[in-house]
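What follows is a short report on a single structure.
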Amino acid sequence: MLGPAFKEAVLEMNASNERGIDVVRNKIKMFAQKKVTLPKGRHKIIILDEADSMTGAAQQAMRRTMEIYSKTTRFALACNASDKIIEPIQSRCAVLRYSRLTDAQILKRLLEICEAEGVDKTEEGLEAIIYTAQGDMRQAINNLQSTHAGFGSITSENVFKVCDEPHPQLIKAMLDHCIQGDIDQAYEVMQHMWHMGYSADDIITNVFRSCKTHQMAEYLKLEFIKEIGLTHMRIAEGVNSLLQLSGLLARLCQKSTMPPEEA
């Protein structure tokens, strides 16, 4: 776009490292003031990565800089949480939101890496990495590298040991017992996961993820998700005991034994 003027017309910064007001006053403002000969209709570009790490004062100073030099300079801000960017800056920008990557996209990249690095893998192992990554490519590659470094082979068991998450098969078995209304068997699985050292937050998050794709009647799935959501809210508020999770199992079993019109 800028041709040979690229090097002198583009400023790229990681705002999480350089996030104070001095950086805005010195580096960014000085660059915005700089005169660069560009083709007609082109502008200098300032790219700020992790912009949500900038302090409030730095963002206010940058807002003023954006106003003054808008005719010659364009600002590109990348962030993880747009609500941490002050409203005056957001109103001056076109907001583009990017969704999580699909499982197919992550799998394609993981296969390329495994082939290039000669990694010993299984289909279940790659599925486990995709499950734990939740659409985050960086997380997927980190989990792949950690599992290979720790065990040398990418299997489902190894991945869940490294990522330290409750195994989906355990969660699935527990949900099956709840659907059948068998509170004792469901509680045994929950108690086993609790004694393995998983936190209530880890368990409830994976219960929700597994429930969304579990094979059960649609009306029952909606009731399960509602109860799981209410329990997750209580856990987030600090009530994260085994008793809280046991109460959830009791309510799920109760919903399973009720007729559809009453549930």
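Along the sequence shown, residues are numbered consecutively beginning with 1.
- Between Glu237 and Arg234 no salt bridge is recorded (no basic side-chain N to carboxylate O distance below 4.0 Å).
- Taken from CG in Leu48 to CG in Asn14, the straight-line distance is 9.5 Å, to the nearest 0.5 Å.
- Distance OG/Ser241 to CH2/Trp194: 6.5 Å, rounded to 0.5 Å.
- By the 4.5 Å heavy-atom criterion applied to side chains, Ile154 and Leu110 are not counted as neighbours.
- Follow the hydrophobic side-chain contacts under 4.5 Å out from Val162 and you never reach Ile141; the two are in separate clusters.
- At least one side-chain heavy atom of Thr205 sits under 4.5 Å from a side-chain heavy atom of His232.
- Note: the hydrophobic cluster containing Val207 also contains Ile183 (ILVMFWY, side chain heavy atoms under 4.5 Å, direct or indirect links).
- When the shell of 6.0 Å around NZ of Lys84 is examined, it contains 12 or fewer heavy atoms from other residues, nucleotides or ligands.
- Using a 4.5 Å heavy-atom threshold, the side chains of Ile235 and Leu245 count as touching.
- You'll find the side chain of Arg251 reaches within 4.5 Å of the side chain of Thr231, heavy atoms only.
- Hydrophobic clustering, with ILVMFWY side chains joined whenever heavy atoms are under 4.5 angstrom apart, groups Tyr198 together with Leu248.
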With side-chain contact (heavy atoms from CB on, under 4.5 Å) as the criterion, how do Glu67 and Arg63 come out once you've worked through the C-alpha distance, each side chain's angles and the decisive distance to 0.1 Å?
CA-CA 6 Å; Glu67 276 176 4; Arg63 174 191 67 115; 3.9 Å; yes
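- Geometric assessment of Lys255 against the ring of Phe224 yields a negative cation-pi assignment under the 6.0 Å and 45° thresholds.
- Ion pair Glu112/Lys108 flagged as a salt bridge, since at least one NZ, NE, NH1 or NH2 atom sits closer than 4.0 Å to an Asp/Glu carboxylate oxygen.
- Connection of Met137 to Val119 is established within a shared hydrophobic cluster, with ILVMFWY side chains joined at heavy-atom distances below 4.5 Å, either directly or through further cluster members.
- With hydrogens and angles left out, the side-chain atoms of His214 and Asp176 include a donor and acceptor closer than 3.5 Å.
- Once rounded to the nearest 0.5 Å, the distance linking CD of Glu223 with SG of Cys211 reads 11.0 Å.
- With a 4.5 Å cut-off on side-chain heavy atoms, Gln134 and Arg209 count as touching.
- The closest side-chain donor-acceptor pair between Gln139 and Asn143 falls under 3.5 angstrom.
- Side-chain contact between Leu111 and Lys121 is present, with heavy atoms from C-beta onward closer than 4.5 Å.
- One distance of note links SG of Cys253 with OH of Tyr187; it measures 13.0 Å at 0.5 Å rounding.
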Step-by-step side-chain contact (heavy atoms from CB on, under 4.5 Å) determination, Val159 to Phe151:
CA-CA 9 Å; Val159 170; Phe151 297 96; over 6 Å; no
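- Between Tyr69 and Lys29, some side-chain heavy-atom pair lies under the 4.5 Å cut-off.
- More than 12 non-hydrogen atoms from other residues, nucleotides or ligands lie less than 6.0 angstrom from CD of Glu87.
- With a 4.5 Å cut-off on side-chain heavy atoms, Cys114 and Leu126 count as touching.
- Side-chain contact check for Ser70 and Arg92: no donor-acceptor pair (N or O, by modelled atom type) lies under 3.5 Å.
- Both Ile86 and Phe75 are assigned to one and the same hydrophobic cluster, defined by single-linkage of ILVMFWY side chains at heavy-atom distances under 4.5 Å.
- In this structure, Gln60 CD and Ile89 CD1 are separated by 7.5 Å, a value rounded to the nearest 0.5 Å.
- The neighbour count for Gln90 CD, taken as heavy atoms of other residues, nucleotides or ligands under 6.0 Å away, is above 12.
- Of all heavy-atom pairs between Pro166 and Asn206, the closest is O-ND2, 3.0 Å.
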